[in-house]
Amino acid sequence: MGLTAQSTGINAFLEELKQSSVKADAVIALAGNPNTGKSTVFNGLTGLNQHTGNWPGKTVILAKGNYQHQRKNITLVDLPGTYSLLANSADEQVARDFICFGNPDAVVVVADATCLERNLNLSLQVMEITPRTILCVNLIDEARRKKMEIDLAKLEAILGIPVVPAVAREKVGLKQLKDVIDKVAFGKKWPQPKSMEYSETIEAALAEIQREVDHLLQGKFNSRWVALRLLDGDNSIITEIFHYLQRLEIKKQEYYQEKVKVVECCE
Ligand SMILES: Nc1nc2c(ncn2[C@@H]2O[C@H](COP(=O)(O)OP(=O)(O)OP(=O)(O)O)[C@@H](O)[C@H]2O)c(=O)[nH]1
Ligand SMILES: [Mg+2]
């Protein structure tokens, strides 16, 4: 049996997030490969003490925390480290489900500056799901130690999303990261991620699938990304989307039934 949003506990987490006593003006997800400093960024921004250490796989559940910025309440969600969002493991599915169904106002991908190429794979996958992606290039101190130079402006131009350098362990770059999160989450800056172009045959197949699924997605999901997942044979995403839309439909019905009751009472 495949993993479901139910089995990864994402729905319970989303409910808890909604019921939270601190009302969030924006919800931001922190994604990234294992061991790139996500929890260090999370702790630096929230002042909390989420477990960190020098071995992969420390964050195994979702952790949430808050910070205030420009009189707004920002909720951060620290996702487990993953190399991809292809839902091959529970961690990958948790991360993917939160990015897809948690409606984050922005996703910060924390990347390791010393092995950017591998880290960019996940960044490109996140950019395919949501344009509101920010790349935080962390461990800049380690890159410098290894005499590596990163042309951040060029990276930003190539990807089409904001790129923020950081040394999270020293809290360097976190103020800039907060400012960029504010711009992206509240629509003051609209990233324009470059989309990956595939071969002619794949692009033709994608266009055909997109036409079929577009109206079913009710504008809630990026149809190109869903088409890509389907082409890849990942049917679990369709099951999850179906459940998500079903839950929305039930909520809509409950809302209207409540409204009818109020009108009847007043008549
Ligand atoms: N040199 C250096 N080390 C850092 C930096 N940021 C984090 N670290 C260290 O990198 C290690 C991993 O950090 P974590 O924050 O636990 O990484 P993570 O991405 O949350 O790891 P997972 O939850 O396993 O995916 C820790 O030892 C941190 O102290 C940085 O900017 N520079
Ligand atoms: Mg972690």
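Counting convention: from 1, in listed order, for ligands and their atoms alike. Side-chain atoms are counted along with the backbone in the values below, which use heavy atoms only and exclude waters and symmetry mates.
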Any donor and acceptor pair, going by atom type alone, linking the side chain of R132 with main-chain N or O of D105 inside 3.5 Å?
yes
Test item: N33 side-chain N/O and T82 main-chain N/O as donor-acceptor pair under 3.5 Å
yes
T133 (side chain) donor-acceptor with T130 (main chain) under 3.5 angstrom
yes
Run through K72, R71, K189 and flag the one making a salt bridge (Lys or Arg N to Asp or Glu O under 4.0 Å) with D182.
K72
Best match, R145, K171, R169: closest heavy atom to atom 8 (N) of ligand 1
R169
Applying a heavy-atom cut-off of 4.0 Å, say which part of K38 lies close to ligand 1: side chain, backbone, both or neither.
both
Atom indices of ligand 1, in the order listed, that fall short of 4.0 Å to a heavy atom of P34
25 (O)
Per side-chain hydrogen bond (donor to acceptor under 3.5 Å, both in side chains), D179 is matched among Q176, K183, K175 by K175
Which segment of T40 sits under 4.0 Å of ligand 1 when only heavy atoms are counted:
both
Sub-4.0 Å atoms of ligand 1 with respect to non-hydrogen atoms of G81:
25 (O)
With a 6.0 Å cut-off on ring centres, are Y67 and F42 close enough?
no
Please state which part of D141 comes within less than 4.0 Å of ligand 1, counting heavy atoms only: side chain, backbone, both or neither.
side chain
Quick check: A168 and ligand 1, any N/O pair under 3.5 Å apart?
yes
R145: which residues meet the side-chain hydrogen bond (donor to acceptor under 3.5 Å, both in side chains) condition with it, sequence neighbours left out?
E142
Do you see an N/O/S atom of T40, backbone or side chain, under 2.8 Å from the Mg ion (ligand 2)?
no
Closest heavy-atom approach to atom 17 (O) of ligand 1 among G32, G37, A95, S39 is made by G37
